[in-house]
Participant: 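The structure under discussion is supplied below as structure tokens; questions concerning it will follow.
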Amino acid sequence: MENKVRFYNTLTRTVETVIPHEDGKIAMYTCGPTVYHFAHIGNLRSYIMEDVLEKTLRYVGYDVKRVMNITDVGHLSSDADTGEDKMLSGAKREHKTVMEIAKFYTDAFFEDCRKLNIRTPDVVEPATNCIQEFIHMIEVLLEKGYAYTAGGNVYFDTSKLDDYYVFSSQSEKELLVGVRDDVEEDVNKRNKNDFVLWFTKSKFEDQALKWESPWGTGYPGWHIECSCISLKHLGEYMDIHCGGVDNIFPHHTNEIAQSESYLGHRWCGYWFHVNHLNDKSGKMSKSKGGFLTVSLLQENGYDPLVYRMFCLQSHYRKPLEFSYEVLDNMSAAYAKLIRRIAELPDEGEMDETAAAAYRARFSDALCSDLNTSMALTVVYDLLKEETNGRTKRALLAEFDQVLSLNLLTAQTAAETAPAVDAELEAYVEEKIKERKAAKKEKDFAKADAIREELAQKGIVIKDTREGTVWEVQG
RNA sequence: GGCGACUUAGCCAAGUGGUAAGGCGUGGGACUGCAACUCCCUGAUCGUCGGUUCAAAUCCGUCAGUCGCCUCCA
């Protein structure tokens, strides 16, 4: 039953069944955040979908070990040695040290993840913890002839590989360097796609983080960290490597080049890439600025889980366009869903026949290239199913292990309303009593006046079958 | 210029050869003094043109549009 999770493998460009290197276990790696600024909701889309993948694997019975790095050094705005380090510019912007910046934004990242019910990976490793490992790998690459030094830096020699462009059918000839105006070409490179493994030449006035190395004092290139950190914690064979589609080239391409050259054998068999969240003007990007964060959504009154649901109702390989209109749509859908579930009576005998059928449908949806939209449909179908509330609740709790939408534990609007003091409560209860009397005497004008009076104070009343209820509008 | 993805009702979206799931919204109805909640009903032939096939949203080709990558990016 385990070997049935299928998803699109960027390496083979087909949907494949995952067959792990070690039976029953999955070694999974995720490129973590660059902690020079807040993660925006587009970044978080990837982490949400990867979270669903991880939980799906666990749901069907795999023992998953997941590792994530934190890029706290070496991420230049350009791969030439003239680019400014993003950590450094973040520190300058906020008048803090690089380490303070890293700490602050790492914490902020995991706080966002917590709000979105994204599980923290089993291992989280900052790049700055692994400098010795980076140096070791670079030494081996130099020994094996896959790397060379030039102009003070160490470069990976892409011409030593038969198949550098593993993810596409592009050839070196077809790739243009400098199609964008702002890219500076590094004259030290032997081949246009060679990339830096170690920098010693730094033009930054205050490069805060530097380490001794056989090539001089300096700092690592961007790609080396993911190779080393994954090897350190997951060993020589990794099953699934995840990230956003924009990492396919050059980052993941370079990781493969380094890792397989270092190891001398095939490294990772399955590559899972999540497509971008766009807004009307195109890709939401950290470097473009003006991006949306989870905190901003909350300030605008949205439950972060509404955003999670927004992501789940789409497919991870499709570009998804963000708009407040669609988020409002989802907000209504989520509130309604939670309310319906909250009303399910916890009664009856567990209906095993129905449960088995729904379990099968649910896991089939997720195992079919992570069809989260279909998984949500299974939830809706279950709510409509002719079976008892206890069975539905039990299944929903189970499905929520993967969906993580707080299906049963989310609070309805009434429950999240601000607390009211006793005085206000007495006042409202009195008014409701007055209104009830007015209604009894068919004095609807007075009844409506009382309702309006309360509404002015932000109190909304509703006549339900069980009597009049009220809540303070948050 | 090269590579790649996407295009299904007002919006989101499933569906990979046999005559279109689901959600939100809209409209109508039931309930309610009214309203809200809830419940019921309500909608598309699948970007264009052409081909393959007994049969295509589903396969092939074409055109168009949108988006992404090509050393900042999830």
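Below, read A as the first sequence line, B as the second, and so on, with proteins coming before strands; counting in each chain starts at 1.
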Participant: Does the protein touch nucleotides 8-20 of chain B at the base, only the backbone, or not at all? Give it as B, S and - per nucleotide, heavy atoms under 4.0 Å.
Facilitator: ---BBSSS-----

Participant: Should A:K336 be listed as having a side-chain N or O under 4.0 Å from OP1 or OP2 of B:G25?
Facilitator: yes

Participant: Apply side-chain hydrogen bond (donor to acceptor under 3.5 Å, both in side chains) to A:T128 and list each qualifying residue two or more places apart in sequence or on a separate chain.
Facilitator: A:D72

Participant: Could you check which residues of residues 238-245 of chain A get a heavy atom under 4.0 Å from RNA chain B? Sort them by number, please.
Facilitator: A:G243, A:G244

Participant: Say you pick atom P in B:U53 and the same atom in B:C40; how far apart are they, in whole Å?
Facilitator: 46 Å

Participant: Going by side-chain hydrogen bond (donor to acceptor under 3.5 Å, both in side chains), name the residues that satisfy it together with A:T56, two or more places apart in sequence or in a different chain.
Facilitator: none

Participant: With sequence neighbours excluded, tell me which residues meet ring pair (Phe, Tyr, Trp, His ring centres under 6.0 Å) with A:Y302.
Facilitator: A:Y324

Participant: Could you tell me whether A:R340 and A:E343 make a salt bridge, using a distance below 4.0 angstrom between a side-chain N and a carboxylate O?
Facilitator: no

Participant: Please name all residues satisfying side chain to side chain contact (heavy atoms under 4.5 Å, CB included) with A:R393, sequence neighbours left out, ordered by chain then number.
Facilitator: A:L344, A:D346, A:L408

Participant: Who pairs with A:S295 by side-chain hydrogen bond (donor to acceptor under 3.5 Å, both in side chains), at least two apart in sequence or on another chain?
Facilitator: none

Participant: Return the set of residues passing side-chain hydrogen bond (donor to acceptor under 3.5 Å, both in side chains) with A:T30 (not counting sequence neighbours), or none when no residue passes.
Facilitator: A:R66

Participant: Can you sort out which residues in residues 433-446 of chain A have a heavy atom within less than 4.0 Å of RNA chain B? Ascending by number, please.
Facilitator: A:R435, A:K439, A:F444

Participant: Under the rule for side chain to side chain contact (heavy atoms under 4.5 Å, CB included), what residues qualify as partners of A:N329, not counting sequence neighbours?
Facilitator: none

Participant: Residues in side chain to side chain contact (heavy atoms under 4.5 Å, CB included) with A:P319, at least two apart?
Facilitator: A:N275, A:N278

Participant: For A:D157, enumerate each residue passing the side chain to side chain contact (heavy atoms under 4.5 Å, CB included) test, keeping only those at least two apart in sequence or located in another chain.
Facilitator: A:Y148, A:S159, A:K160, A:R190, A:N191, A:D194

Participant: For B:C59 and B:G27, measure between their C1' atoms and round to the nearest Å.
Facilitator: 40 Å

